[in-house]
Amino acid sequence: MSTPSPLREQREAMVDALLRWFAEAARPLPWREERTPYRVWVAEVMLQQTQVEKVKRYYAAFLRRFPTVEALAAAPLEAVLKAWEGLGYYRRARALHRAAQTIVAEYGGRLPDEVSALRRLPGVGAYTAGAVASIAFGQAAPAVDGNVRRVMARVLAHPAPPRAEIEEAVSLLLPADEAGTFNEALMELGATVCRPRHPQCRRCPWRPFCRAHREGAPEQYPAPKGRPALPHYDVVAAVIIGEEGRVLLAQRRAEDMLGGLWEFPGGKREADETREAALRRELLEEMAIHIEVGEPLIEMEHAYTHFRITLTAFRARLVAGEVRCLECDAFLWADEADLERLPMSVTDRRIATLVAPLLGTRLTAGEGRATSPT
DNA sequence: GAAACGTGGGC
DNA sequence: TGCCCAAGTTT
């Protein structure tokens, strides 16, 4: 396809207006303080599908814990997942860890500066490669994220511009000597002015160049995408406290959803089952043990990306069998310190918070009475 | 190309 | 309340 000529003709004016606006309006963000390639890379991975305000709460702590590529590469994966706890899309943390090891092994601990090499690192796609190459290394590469897609959809008044068309348009505008600043400015414009709803066209440096604004309905671009309704499942989990006052946890398989995180074992209820029966079946299938299910401890609603659940955690007691991991990567009888240390998803973290005070004393399931300490 | 992959804020 | 969606990547 060909880029509309207006963009080509107005290139200089558009670049100039955007950069002047950004010099004035750029938010002070933690990852804009020191632009080392490592810091830029970590920020860009954290920012994938994640709002700036949330990343702010993790970024400094993560860099304190893993100050260099070498430190990240040398750390146990579990520590990286712990630093990621609550951020979501945990595959990113595993990929970041693996990529750090690749960078140490193959690039002497320095991030590669070219898009093609960056792109080969796990967790680095077209956007992140362009962002790191341009922001950290000054390469003239486009970085097309959701903000840029929306801004360009409006500038071009195209309901659903293909990625290639957006990259072509951005590349046409991209100033070779300020590519990183330009990319950041374009994202900043989308995030703060050209927002999904109620775009602030009065404050927009690109208003004179925007076809959607001329048409009078910028909010119509890009066209919303219809989504199927999320299926719902009943999920059950077991809080099994053994005679040592420790609770049974399982580590989710690395390749599964929430891979590598620790959980209270359990699973989905099937259509013809009670929740109690489902829990007994799951513990037999996953951990090879027979349990007696006690009273529910907590119930919560939670929405994942593509389904919703009602999660009920039950007290339970080990009746027979020896614990083995049939459908998990590891298991552990956890004390209070383990509960705090191990990485968990938000739902299991809530159960853990509730369970922690019950540990360390010899409690019998369903009894609620402490025996004398040993 | 479509589906999978977390979480929480905003309306 | 329920739905949208955010600095995307992988399979």
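Letters A, B, ... mirror the listed sequences (proteins, then strands); counts begin at 1.
At C/dG8, one or more side-chain N or O atoms of A/Gln49 fall inside 4.0 Å of OP1 or OP2 (strictly under the cut-off). Taking side-chain N and O atoms only, A/Tyr89 has no distance below 4.0 Å to OP1 or OP2 of C/dT10. At the phosphate of B/dG6, neither OP1 nor OP2 sits under 4.0 Å from any side-chain N or O atom of A/His302.
Nucleotide B/dT7 holds its P atom 14 Å from the CG atom of A/Leu230, rounded to whole Å. Note: CZ (A/Arg119) to P (C/dT9) measures 7 Å, nearest angstrom. Whole-Å rounding puts the A/Glu53 CD to B/dG9 C1' distance at 11 Å. Summarising the geometry, the separation between CZ on A/Arg92 and P on B/dT7 is reported as 11 Å, rounded to the nearest angstrom. Atom pair A/Leu96:CG and C/dG8:C1' shows a separation of 14 Å (rounding to whole Å applied). As rounded to whole Å, 13 Å separates atom C1' of B/dA3 from atom CE of A/Met257. Residue A/Asn147 contributes atom CG, which lies 12 Å from atom C1' of C/dG8 at whole-angstrom precision. Whole-Å rounding puts the A/His306 NE2 to C/dC5 C1' distance at 17 Å.
The side-chain contact (heavy atoms from CB on, under 4.5 Å) test with A/Leu279 is passed by exactly one of A/Leu284, A/Val236, A/Val235: A/Val236.
Taking 3.5 Å as the limit, the base of B/dG6 and the side chain of A/Thr50 contain a donor-acceptor pair of atoms between them. Residue A/Thr128 places no side-chain atom within donor-acceptor reach of the base of C/dG8, judged by atom type and a 3.5 Å distance cut-off alone.
Using a 4.0 Å heavy-atom distance criterion, A/Arg120 is classed as making no nucleic acid contact. Using a 4.0 Å heavy-atom criterion, one finds that A/Trp31 contacts the bases of the nucleic acid, with or without backbone contacts as well. Across all strands shown, A/Gly190 has no heavy atoms under 4.0 Å from either base or sugar-phosphate atoms. Note on A/Pro224: nothing from the nucleic acid sits closer than 4.0 angstrom, heavy atoms only.
Look at A/Glu78 and A/Arg341 and you find a salt bridge, because one of the NZ, NE, NH1 or NH2 atoms lies within 4.0 Å of a carboxylate O, short of that distance.
Separation of the A/Tyr59 and A/Phe62 ring centroids does not fall under the 6.0 Å cut-off.
Side-chain atoms of A/Tyr221 do not come within 3.5 Å of backbone N or O of A/Ala217 as any donor-acceptor pair.
Distances from the side chain of A/Thr305 to the nucleotides C/dA6, C/dA7, B/dG6 place B/dG6 closest.
Take the nearest nucleotide of DNA chain C for A/Val124 and for A/Gln51: the residue whose nucleotide is more 5' is A/Gln51. Residue order along DNA chain C, read from the 5' end via each residue's closest nucleotide, puts A/Ala43 first among A/Arg98 and A/Ala43.
A side-chain N or O of A/Gln48 and one of A/Thr128 form a donor-acceptor pair less than 3.5 Å apart.
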